[in-house]
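Below, read A as the first sequence line, B as the second, and so on, with proteins coming before strands; counting in each chain starts at 1. All figures in this text were calculated on a predicted structure; none of them were measured in a lab.
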Amino acid sequence: MTPEAFIAKWQNSKIKERAAAQEHFLDLCRMLGEQTPAEADRDGIDYGFEFGATKTTGGRGFADVFKRGFFGMEYKGTHADLTAAFAQLQRYAVALNNPPLLIVSDVGTTIRIHTNWTNSVSRIYDIPIAELGDPEKRGWLKAAFTDPDALRPKQTRQELTEEVAGEFARLARSLRDRGHEPEPVAHFINRLVFCMFAEDVKLLPNHIFTQMLERALETPEEFVDFAGQLFAAMRSKGGRVGFERIAWFNGGLFDDDTVFVLTRDEIRIVYKAAQHYWGDIDPAILGTLFERGLDPDKRSQLGAHYTDRDKIMMIIDPVIVEPLSAEWEVVRTEIEGFIAKANQARGGAGTRAFNQARAALDGFLQRLSQYRVLDPACGSGNFLYLALRALKDLEHRAQVEAEALGLPRTFPRIGPEAVLGIELNPYAAELARVSVWIGDIQWNLKNGFAAAENPILKPLRNIECRDALVSWVPDTSFAGGKWVSAEWPIANAIIGNPPFLGSRKMAPAMGSQYVSALRKIYTRTVPKGADFVCFWFAKAHSALRGSTERMGLVSTNSLSNAASRQVLRDLFTDQYPIAVWRDEPWTVSGAAVRVAIVCMSSEPVANPMLDDMAVDEIHSDLRSAGTTRGADLTLSKPLRENANKAYQGVVPRGSINPTDASRLGLPNGDFAVSAAQAREMLVAPLNPNGRPNTDVVVPYLIARDLAQRPSGRFIVAFGTMTEREAAMYELPFNHIAPVKLHRQHMAQPEALTTWWQHWRPRPEMSAALAPLTRFIVTPRVSKHRLFLWRTHPILPDNAVVVVAREDDVTFGVLHSRFHELWALRMGSTLEDRPRYTPTTTFQTFPFPHGLTPDIPSVVSMADDAAKHIAHCAKELNQLRENWLNPADLVRREPEVVPGYPERILPINEEAESFLKKRTLTNLYNERPAWLHHAHEALNEAVAAAYGWPADLGDDEVLARLFALNQERGSEGHADAL
DNA sequence: AATCCGACATACC
DNA sequence: GGTATGTCGGATT
């Protein structure tokens, strides 16, 4: 059939019966050269007429024509107009598996294609029948049959939102620059945003907001009056602006009609923003963009709260969607049973069964409509917005499926009141309300329902602006009051992303009074040293003990670190994990952090998920019980035999950061001294006390020197000398003079009293190292667990952990897989990198019997196993040293004074650039065969010392080490240390 | 009196 | 300009 023939046959004809619509569609197929349903698919499942028709629905399907994955099509038929036909399609889009295109037609005049992708802005392709001769328009139709993606709008909702939000941020900043307070500005801007959205989705008539702006552009001084009139009309029932009837918007957003005086330029910004189509904006990112634009300084504070949609759904799915879907499956089966009974039975019994089916459906819908989701740190409302959509989707699906079974459907009941929020920042709280409103209205429109009216917005008092942890209760009996634990509204589910703040950063950020009040109130549930998020976990825990069914919170991944662990341990004693991710990267720019996600239920859960894998059980350290035979390694005890052997290095604190130094107008003094200056000091003549500067100028070892190439630093270190003694060393003492100024500006006044000393000089470490010919060092944070030898008088920085032993046996045991596994498991992490924490990794580690660090090395070396370890350790170290500094590429020079480690210098520039790549981190990244063999040999030697087979699995090793720790720890000195 | 951590910091490819 | 990889200060206990 040619387009001309099609036009001749159908133009201006009116549909009389459903058969005419089918004939119209068949002609369309013939014109486009596409297969008809009968030709393509005999089953009619993927492509056919009257899709979803059942006996109970009387032969009417969800759509007149349906092609799975392509489109749903509805003819005007009994509908009054194309809009109603479109709404019908939207309502059943779920039952049609959300086809990308929804097509409506009135047979004789128009075919209209609506795009239906969730993440793209929507677009309408209008094809008048009379213009089917136009190849482009026929192309659109053809694409609907063959390649719907060709019709997908290019712009995503995110891009659209970024564009419009950026313009509003400009306005907000302009108002803030004129001295307006952030809160009224936020309120005002939110109103404007809502007005733009409202007029674009036709909740406001005739683009009245844009019209108002156009008039105000002519006479800017009248903007206040115009906007005030509009806001006033929106606030009241039956309001009008001129002739136009304005719908009633309640909900607090238009409670007053305060309007800022805007300049012409500012009105132009608003006008320009209003030119965009706001109907498709994504409220989930709107908030963040505003926050960023409004106050760039606060970006890290507020913007960082932004959680991307995927992460939020990782919580909403297991916490809300999955349990409620499961409930629905049960109810639906019940309904199916009743309906089957109703269809078989006649008369009273049939009616009764039908009513039972209705009651079952109603019961479920009632349950859904009473379901409440609380986000006690809701920020700009992203979690709430997505939770509301999820609930509405569930309700809608239940309705559509029930209708397919023959039950009448009702208007959706779930609205913004289903979500509850608490947020401290007034600006964010307001955004949360707007996001939830917009989300609700968008959902209704997208699914073919009118927005609820009279009023359009109901008050959203359920998003509260207050502190979620404590509240101040004034006491009238005296002129004061007290802080008490804040109440949380009762909710079925608690979700959210509370602010992350390490315990050490809480006081500076929140004020020490607030923090001490908080600690006092939560003293039983949240241990000192726990991260700020732990308070939310503790409160959610107590809610789960009450009527709350499930919770899911995001936290920093350091939650499983020592102090915060207690909160989790409590939580896991009487609640059940549903899904846990222990270390997820955070995808938002501007925040470099990794997070843990913890979803818990008050009811037992059959197969909890750990990092997307089903496991039998999850421990409070967010590990699966399958490892280490269920042993909880967090219960390991410190061992007395390991005491006083591992130290962190010195903390100089000679300088403050350069920014502060320049702000305070201070020279940036430091204990550190350049290598050139240091050598001058070292060779200088003896001081008045007859001593050389070698007493107090020493090589300084930082962690980087171990994992990467040594940097050859020096430092002035007076140890615990008195000022009188220190001053004898003239050059070094003069060098550190500026330190005194800095100490005066430090928070700890005691730092000044011994200003010439390092803040932590670690005399006990120096004492332990002094008699040794060498000592063992390891970087506190490094990708690989590396142990190296260093010698006196090198002074380790606090980022280096020192083990005061000089024997190869201890070195070998520490560098074996046994200690490495233990350290990995017992230590904490910095982001994704393991961190060696001496108290939990070294202090608790059970060395092989007879080789413990409390035994002098001469004694332990009598042992054959020990000799073997020593040999392997020596070999490993030698090979590595040779690799790091090949003898033909370096020359070794004695230091300017005797007793100092010799200098290792590249012989020429070529050697220098070659040596840059010779770092231990690089070596262990590559793990060449020789290194592997050396470690294998060492591992076998250490295994033999333990008396264990060499091929134990990792979990088995940990389990055995733990058993050994428990045994040693309970040998009458469990209180060791 | 020492520890532990960083909604990070920065060198390097 | 990403990506890889670990500083060093200092509040907290």
Any [X] side-chain nitrogen or oxygen under 4.0 Å from OP1 or OP2 of [N]:
| X | N | value |
| --- | --- | --- |
| S782(A) | dT5(C) | no |
| K528(A) | dT13(C) | no |
| Q708(A) | dG6(C) | yes |
| N925(A) | dA4(C) | no |

From the set [options], return the single nucleotide nearest to any side-chain atom of [X].
| X | options | answer |
| --- | --- | --- |
| R519(A) | dT13(C), dT7(C), dG9(C) | dT13(C) |
| T839(A) | dT3(B), dG6(B), dT5(C) | dT3(B) |
| R653(A) | dC4(B), dG9(C), dG6(C) | dG9(C) |
| N798(A) | dG10(C), dT5(C), dA11(B) | dG10(C) |
| R760(A) | dT3(B), dT7(C), dC4(B) | dT3(B) |
| E764(A) | dC4(B), dT5(C), dA2(B) | dA2(B) |
| R713(A) | dC8(C), dC4(B), dG9(C) | dC8(C) |

dA7(B) and dT13(C), which share atom name C1', separated by this distance in whole Å: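 Taking atom C1' in both dT13(C) and dA7(B), they lie 24 Å apart.
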
Separation between the P atoms of dC8(B) and dC4(B), rounded to whole Å: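 Here dC8(B) and dC4(B) have their P atoms 23 Å from each other.
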
Would you kindly give the [atom1]-to-[atom2] distance between [X] and [N], to the nearest whole Å?
| X | N | atom1 | atom2 | result |
| --- | --- | --- | --- | --- |
| R704(A) | dA9(B) | CZ | P | 14 Å |
| D531(A) | dT12(C) | CG | C1' | 14 Å |
| N497(A) | dA7(B) | CG | C1' | 9 Å |
| L701(A) | dC8(C) | CG | C1' | 14 Å |
| R785(A) | dT5(C) | CZ | P | 15 Å |
| R762(A) | dA1(B) | CZ | P | 12 Å |
| W759(A) | dA2(B) | CH2 | P | 12 Å |
| F671(A) | dT7(C) | CZ | P | 21 Å |

H784(A) and its side-chain hydrogen bond (donor to acceptor under 3.5 Å, both in side chains) partner, picked from T778(A), N925(A), T921(A):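 The side-chain hydrogen bond (donor to acceptor under 3.5 Å, both in side chains) with H784(A) is passed solely by N925(A) among T778(A), N925(A), T921(A).
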
With H758(A), the side-chain contact (heavy atoms from CB on, under 4.5 Å) member among V739(A), V716(A), V650(A):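 When V739(A), V716(A), V650(A) are each tested with H758(A), the side-chain contact (heavy atoms from CB on, under 4.5 Å) holds only for V650(A).
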
Sugar-phosphate, base or nothing in reach of A799(A), heavy atoms under 4.0 Å: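 Result for A799(A) = base.
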
Sugar-phosphate, base or nothing in reach of V651(A), heavy atoms under 4.0 Å: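 V651(A): base contact, heavy atoms under 4.0 Å.
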
From CA spacing to verdict: ring pair (Phe, Tyr, Trp, His ring centres under 6.0 Å), W789(A), F775(A): CA-CA 6 Å; W789(A) 290 112; F775(A) 50 87; 8.7 Å; no

Whichever of K916(A) and V781(A) has its nearest DNA chain B nucleotide further upstream toward 5':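 The answer here is V781(A).
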
Nearest-nucleotide comparison on DNA chain B, the residue closer to the 5′ end among N922(A) and T837(A):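 Closer to the 5' end of DNA chain B: T837(A).
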
I494(A) and W536(A), any side-chain heavy atoms less than 4.5 Å apart: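 A side-chain contact under 4.5 Å is absent here.
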
Side-chain touch Y514(A)/R519(A), heavy atoms, less than 4.5 angstrom: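 Of all side-chain heavy-atom pairs linking R519(A) with Y514(A), none is under 4.5 Å.
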
Watson-Crick or G-U stems of DNA chain C, 3 or more pairs, under 3.5 Å, by first number: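 In DNA chain C, stems of three or more pairs: B:1-6 with C:8-13, B:8-13 with C:1-6.
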
Plane angle bin for Y924(A) and H815(A) - parallel if under 30°, tilted between 30 and 60°, otherwise perpendicular: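 Correct class here is parallel.
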
Geometric class of the F842(A)/F847(A) ring pair [parallel <30°, tilted 30-60°, perpendicular >60°]: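 Ring orientation, 0 to 90° scale: perpendicular.
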
5' precedence on DNA chain C between I702(A) and P527(A) (nearest-nucleotide basis):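 On the 5' side of the pair lies I702(A).
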
Listed partners of Y700(A) passing ring pair (Phe, Tyr, Trp, His ring centres under 6.0 Å), at least two apart: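 Ring pair (Phe, Tyr, Trp, His ring centres under 6.0 Å) check on Y700(A) returns nothing, list empty.
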
